[in-house]
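Side-chain atoms are counted along with the backbone in the values below, which use heavy atoms only and exclude waters and symmetry mates. Remember, it's 1-based here, ligands and their atoms both numbered in the order they're listed.
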Amino acid sequence: VKGDCLCGRVAVTVPGRPELLNECNCAFCLKLGALWGYYSAADVTVAGETRAYVREDLADPQLRGHHCPTCGSTVSWTARDGSAADTLAINMRLFDPGDLRGVKLVFGDARNRAEGDRSRPEYKPATTFDGLGAR
Ligand SMILES: [Zn+2]
Ligand SMILES: [Zn+2]
């Protein structure tokens, strides 16, 4: 399955639909406008130049965001500390929403859940992605 950024300079190929789509409520995810799908890094091809951004307002930001330097579309995030080095989060908004219809949609609650905190659920109740009206 192939997706691309708004200007088409960055193309992402993934082996199939993700297990779930995560719409997270933390500042990183909200402001980057992303709907995340998670893949093994070895299974994903990103073609084209991307630029990285790491938050400057946090002492130890966990994530490095990657975006298209021309149109600004969010492409992915990678972990900075290597703990999840094999995990690549892809912005599934680069893909045709119709192709994602029926995938489990979860609402990450990272805004209210500190890293490593197991006392709160990772996700709020889930639903299924409706395809945003795409045919
Ligand atoms: Zn672009
Ligand atoms: Zn988040």
Side-chain angles (χ1 to χ4, degrees):
V1 190
K2 200 166 173 181
D4 55 14
C5 67
L6 186 57
C7 75
R9 287 175 171 83
V10 179
V12 182
T13 307
V14 296
R17 287 147 54 105
E19 204 167 299
L20 53 80
L21 296 165
N22 181 18
E23 186 169 321
C24 176
N25 62 8
C26 81
F28 182 89
C29 299
L30 279 181
K31 298 199 181 198
L32 294 185
L35 179 65
W36 303 115
Y38 304 100
Y39 293 92
S40 176
D43 294 339
V44 177
T45 306
V46 178
E49 181 200 351
T50 58
R51 190 171 295 165
Y53 174 72
V54 175
R55 287 180 69 172
E56 296 158 339
D57 59 323
L58 299 177
D60 184 23
Q62 307 287 313
L63 306 180
R64 177 181 286 114
H66 303 270
H67 62 274
C68 171
T70 302
C71 70
S73 297
T74 297
V75 175
S76 63
W77 66 246
T78 49
R80 289 188 65 229
D81 64 2
S83 62
D86 188 49
T87 299
L88 189 54
I90 296 294
N91 180 15
M92 300 310 294
R93 295 203 191 277
L94 304 183
F95 293 77
D96 184 337
D99 290 342
L100 300 172
R101 184 181 288 110
V103 176
K104 184 180 181 185
L105 174 62
V106 299
F107 300 96
D109 196 21
R111 173 179 293 264
N112 298 311
R113 185 175 184 275
E115 192 69 26
D117 177 7
R118 301 278 173 247
S119 68
R120 295 180 68 93
E122 185 170 5
Y123 300 119
K124 294 183 285 179
T127 180
T128 51
F129 190 67
D130 70 357
L132 301 176
R135 293 173 195 281

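What you find for Y39 and G37 is that their closest heavy atoms are CD1-O, 3.9 Å. Shown here for A34 and T74, the closest heavy-atom pair between the two residues is CB-CG2, 4.2 Å. Scanning all heavy atoms of the two residues, the minimum distance from L6 to S73 falls at N-OG, 3.2 Å. Residues V10 and C68 share a closest heavy-atom pair of CG2-CB, 3.9 Å.
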Atom pairs and distances, side-chain donor-acceptor, residues 23-30, under 3.5 Å, sequence neighbours left out:
{"from": "N25", "atom 1": "OD1", "to": "A110", "atom 2": "N", "distance (Å)": "3.2"}
{"from": "N25", "atom 1": "OD1", "to": "R111", "atom 2": "N", "distance (Å)": "2.9"}
{"from": "N25", "atom 1": "ND2", "to": "D109", "atom 2": "OD1", "distance (Å)": "2.7"}

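The Zn ion (ligand 2) has C24 SG, C26 SG, C29 SG as its protein N, O or S neighbours under 2.8 Å. Counting only distances under 2.8 Å, and ignoring water, the protein N, O or S atoms around the Zn ion (ligand 1) are C5 SG, C7 SG, C68 SG, C71 SG.
Under the 4.5 Å side-chain criterion, counting only non-hydrogen atoms from C-beta, T70 is not in contact with E49. Side-chain contact between L105 and L35 is present, with at least one heavy-atom pair separated by less than 4.5 Å.
Of the inter-residue distances, the one linking L32 atom CG with Y53 atom OH reads 8.5 Å to the nearest 0.5 angstrom.
Within the structure, side chain to side chain donor-acceptor pair (under 3.5 Å) contacts touching residues 5-22 (residues at least two apart or in different chains) are N22-Y38.
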